[in-house]
There are 2 protein chains.
Amino acid sequence: MGKGEQTRQAILDEAFSLASCIGVGGLSIGVLADRTHMSKSGLFAHFGSKEELQLAVLRESQQRFAEVVVRPALRLPRGLGRLRAIVANWLDWTKTCNLPGGCVINAAAAEFDDQPGPLRDEVRNALLALNRSLAATVAKAVETGELSADTDIEQFVFELNGIYQATQQRRRLFDDPEADRRALAAFERLVRDNAVIHAKE
Amino acid sequence: MGKGEQTRQAILDEAFSLASCIGVGGLSIGVLADRTHMSKSGLFAHFGSKEELQLAVLRESQQRFAEVVVRPALRLPRGLGRLRAIVANWLDWTKTCNLPGGCVINAAAAEFDDQPGPLRDEVRNALLALNRSLAATVAKAVETGELSADTDIEQFVFELNGIYQATQQRRRLFDDPEADRRALAAFERLVRDNAVIHAKE
DNA sequence: GACATAAACGAACGATCGTTCTATAAAGCA
DNA sequence: TGCTTTATAGAACGATCGTTCGTTTATGTC
């Protein structure tokens with residue numbers, strides 16, 4: 001890796017954890033230059049525009065998410081177990097990565113949902129991809145017979161998303177130590193309601 | 001209402017719908033002055049600081065929420081019906097009010113959850129109050145016997161919150177026309193799992 | 001209508017914003 | 001080592017930021 005790539009990555013590392021606290025929109029070249037002990041113009045040259053820097057942060061976030069949340073779970077056999085692993089990894093991926101201030105993309109989703117442009121598009125695509133990935137995982141749990149054949153997969157993913165966001169809010173805003181327990185309880189209820197019926201009433 | 005209060009309210013109206021799109025943190029005195037056809041200093045004088053303006057917007061949001069979502073439901077008899085009404089009002093209160101860009105407080109929650117200060121405190125208190133209000137409503141549905149006596153009320157509210165946030169994201173970011181239907185489906189599943197058991201297996 | 005008060009303005013402040021330019025220093029390669 | 005390319009620095013730009021100040025205009029009261 002050449003010198004250029006190296007510093008670019010160092011900048012992204014810093015930008016990533018900074019964006020976690022103040023949001024992707026709150027990033028500023030000047031502050032980032034201070035934190036990385038660089039000049040504004042030197043840092044700027046690596047991205048060409050602020051927007052490109054923000055996009056790079058969003059892409060960085062996607063990549064880390066895939067590495068930390070999804071990939072480890074792919075080593076497990078397909079089915080409910082893998083889904084459980086993804087959910088577990090997902091719920092504490094902000095601890096695993098250097099994310100002092102919560103998921104960057106999730107925050108960006110609320111920030112840019114009304115501001116058309118490349119940033120919104122990037123966030124949207126990232127979350128669409130996540131939803132597809134989750135849907136595929138749920139679908140496999142249906143195939144293995146662990147979840148009912150008439151499971152509404154889109155609905156399942158919808159509710160999973162809600163559980164995640166509620167958890168984030170409880171943790172970050174209310175400092176609720178019960179957040180994780182509640183999240184798992186909600187998830188188990190979701191699984192239970194979509195499990196194969198052993199005894200029909 | 002004197003002239004002062006009158007313009008202050010006009011400013012808040014504009015700030016409110018603007019904040020809905022760009023976030024409370026993205027508000028700027030200059031832009032707001034343009035939109036209200038005032039000078040920066042004239043507008044500024046009504047609040048004394050930008051932070052005070054932001055706080056005023058958050059309080060405005062709380063007030064409108066109470067008027068539009070909670071109050072109408074209080075005319076219904078306590079119990080599940082009232083809860084349903086609140087949920088219904090809640091899900092489309094962004095349409096009812098002038099909120100082109102989604103719930104201001106919910107967005108602010110993601111924005112300020114890592115930035116200590118009066119704004120975070122205000123958001124936190126607003127959402128705590130909402131949670132308490134929801135919990136009380138659920139508790140009454142337990143009292144009327146419509147929900148089971150061993151309903152975990154905090155858990156119920158937790159999941160309700162998740163449903164709301166998932167709905168917002170689907171609507172705003174994915175333009176998903178099914179979002180409302182999914183929200184109601186999730187809500188009904190939540191109610192069903194906490195309903196009194198008529199036939200034990 | 002005169003007067004005290006409150007509201008709005010316009011200009012300016014220092015700070016920071018993203019960006020551009022030119023020059024210097026470092027890195028990579030022959 | 002020498003040379004080319006790349007990376008970084010520094011200064012400056014115009015724009016906008018929140019805020020302050022003094023002045024002027026409107027409002028409400030006697």
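In what follows, chains are A, B, ... by sequence order, proteins preceding strands, each numbered from 1.
- Looking at A:Asp175 and B:Arg120, a side-chain N of the basic residue comes within less than 4.0 Å of a carboxylate O on the acidic one, giving a salt bridge.
- Between A:Asp113 and B:Arg171 there is no salt bridge, since none of the side-chain N atoms of the basic residue sits less than 4.0 Å from a carboxylate O of the acidic one.
- By the 4.0 Å N-to-carboxylate-O rule, B:Arg182 lies too far from A:Glu159 to be salt-bridged with it.
- In this structure, B:Leu32 atom CG and D:dT16 atom P are separated by 16 Å, rounded to whole Å.
- Comparing D:dA9, C:dG18, D:dG18 by their closest approach to the side chain of A:Ser39 singles out D:dA9.
- Note on B:Ala45: nothing from the nucleic acid sits closer than 4.0 angstrom, heavy atoms only.
- Nearer the 5' end of DNA chain C, as judged by each residue's closest nucleotide, is the contact made by B:Arg8, out of B:Lys40 and B:Arg8.
- What separates CG of A:Asp34 from C1' of C:dT16 is a distance of 11 Å, to the nearest Å.
- Regarding B:Phe47, its CZ atom lies at a distance of 15 Å from the C1' atom of D:dT19, rounded to whole Å.
- Set against C:dG18, C:dA8, D:dA7, the side chain of B:Met38 has C:dA8 as its closest nucleotide.
- Across C:dA8, D:dG18, D:dG10, the shortest atom-to-atom separation from the side chain of A:Ser41 is found for D:dG10.
- Considering only side-chain atoms of A:Lys50, the nucleotide from C:dA8, C:dT19, D:dC17 that sits closest is C:dT19.
- Residue A:Leu27 is in sugar-phosphate contact alone, with no base atom involved, counting any heavy-atom pair closer than 4.0 Å across all strands shown.
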With both pairing distances under 3.5 angstrom for Watson-Crick or G-U wobble, and | for a partner in another strand, the correct string for DNA chain D is .|||||||||||||||||||||||||.|||
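- We find that A:Glu178 and A:Arg170 are not joined by a salt bridge, their nearest charged nitrogen and carboxylate oxygen being 4.0 Å or further apart.
- At a threshold of 4.0 Å, the pair B:Glu154-A:Arg181 does not count as salt-bridged, since none of the basic side-chain nitrogens sits closer than that to a carboxylate oxygen.
- In this structure, CD of B:Gln6 is placed 13 Å from C1' of D:dA26, rounded to the nearest angstrom.
- For the atom pair CG of B:Leu160 and CH2 of B:Trp90, the computed distance is 5.0 Å after rounding to the nearest 0.5 Å.
- Protein atom CD of B:Glu52 is 14 Å distant from nucleotide atom C1' of D:dG18, rounded to whole Å.
- One cannot find a donor-acceptor pair under 3.5 Å joining the base of D:dG28 and the side-chain atoms of B:Lys3.
- The CD atom of B:Glu5 sits 13 Å away from the P atom of C:dA6 (whole-angstrom rounding).
- Projected onto DNA chain D by closest heavy-atom contact, B:Gly2 and B:Ile29 fall at different nucleotides, the more 5' of which corresponds to B:Ile29.
- Taking atom CG of residue A:Leu53 and atom P of nucleotide C:dC17, one finds them 13 Å apart after rounding to whole Å.
- A cation-pi contact, defined as under 6.0 Å to the ring centre and within 45° of the axis, links A:Arg64 to A:Phe16.
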